[in-house]
Amino acid sequence: MTPKIAPATLADAAGIAAIYAHHVRHGTASWEIEPPTAEEMAARMAKVLGAGWPWLVACGEAGNGEGALLGYAYAAQYNPRAGYRYACEDSIYLRHDALGQGIGTLLLAALIDACEAWGFRQMIAGIAGSEPASVALHKRAGFAEVARLRSVGRKHGQWLDVLYMQRALGHGAHIQGI
């Protein structure tokens with residue numbers, strides 16, 4: 001079964017928090033040390049959704065029945081200053097037992113479409129720990145490496161890089177009438 005990609009609602013906050021908690025505790029994709037509560041995740045979601053930016057969920061079977069939350073993706077303005085209003089940064093997290101099934105590819109494609117429709121013209125991916133699967137996912141979606149900050153984070157006893165990748169959305173830097 002192909003997962004269904006849909007807009008997230010605040011009712012998804014607990015499931016999203018559970019997915020994210022696994023990555024906080026066991027991985028290097030997030031540099032948070034303590035997972036946020038469902039209430040904190042709902043507040044984060046409300047901020048993104050309140051700005052009109054996309055937050056998507058992937059639901060499907062994957063061993064847990066119809067409608068099981070398999071992953072999520074969202075984008076927010078890259079920097080809060082007004083000059084950055086056409087640039088966004090994406091985040092994608094999958095349930096740990098749903099990796100390698102193409103769900104990230106579906107989520108990122110839908111997120112790119114939603115960001116183009118919103119009016120963003122550049123998407124930036126800050127890939128913490130230079131996670132190989134995330135790098136490959138973004139390369140397949142047309143992102144190119146633009147910068148690497150070396151040893152700027154520390155988690156699980158190791159120094160970690162942040163790899164920045166970027167791709168144009170819609171007309172990219174060529175926006176008529178602005």
Item checked: Interatomic spacing from OH in Y93 to CD1 in I19 - rounded to 0.5 Å -> 11.5 Å

Next item on the list: Report yes or no: does R148 contribute a side-chain atom to a donor-acceptor pair with the main-chain N or O of D161 at less than 3.5 Å?
Entry: no

Check: Say you draw a straight line from CD1 of I92 to CG of L56; how long is it, rounded to the nearest 0.5 Å?
Finding: 9.5 Å

Next item on the list: Using a cut-off of 6.0 Å, state whether more than 12 heavy atoms not belonging to E34 lie near its atom CD.
Entry: no

Margin query: Rounded at 0.5 Å granularity, tell me how far CD in E131 sits from CG in L160.
Written below: 8.5 Å

Note to self: Between Q77 and N79 (side chain of the first, backbone of the second, donor and acceptor by atom type, cut-off under 3.5 Å), is there such a pair?
What the structure shows: yes

Check: Does A29 offer a backbone N or O that forms a donor-acceptor pair with the side chain of K155 under 3.5 Å?
Finding: no

Next item on the list: Answer yes if the side chains of E32 and Y20 hold a donor-acceptor pair under 3.5 Å, and no otherwise.
Entry: yes

Margin query: Tell me whether Y74 shares a hydrophobic cluster with I5, the cluster being built from Ile, Leu, Val, Met, Phe, Trp, Tyr side chains joined at under 4.5 Å.
Written below: yes

Next item on the list: Examine distances only and state if a side-chain atom of H23 and a backbone atom of H96 form a donor-acceptor pair shorter than 3.5 Å.
Entry: no

Next item on the list: Look at the aromatic rings of H26 and H22 and report parallel, tilted or perpendicular, splitting at 30° and 60°.
Entry: tilted

Notebook entry, point to check: Is there a donor-acceptor pair under 3.5 Å between the side chain of E116 and the backbone N or O of G170?
Noted result: yes

Next item on the list: Rounded to the nearest 0.5 Å, what's the gap from CD on E39 to CG on L10? Could you check?
Entry: 12.0 Å

Notebook entry, point to check: Quick one: are Q122 and Q166 in side-chain contact, heavy atoms under 4.5 Å?
Noted result: yes

Note to self: For the CG atom of L169 and the CG atom of L111, what is their distance to the nearest 0.5 Å?
What the structure shows: 9.0 Å

Notebook entry, point to check: Is any side-chain heavy atom of Y164 closer than 4.5 Å to a side-chain heavy atom of L149?
Noted result: yes

Check: Parallel under 30°, tilted from 30 to 60°, perpendicular over 60°: which one fits the rings of F143 and H138?
Finding: perpendicular

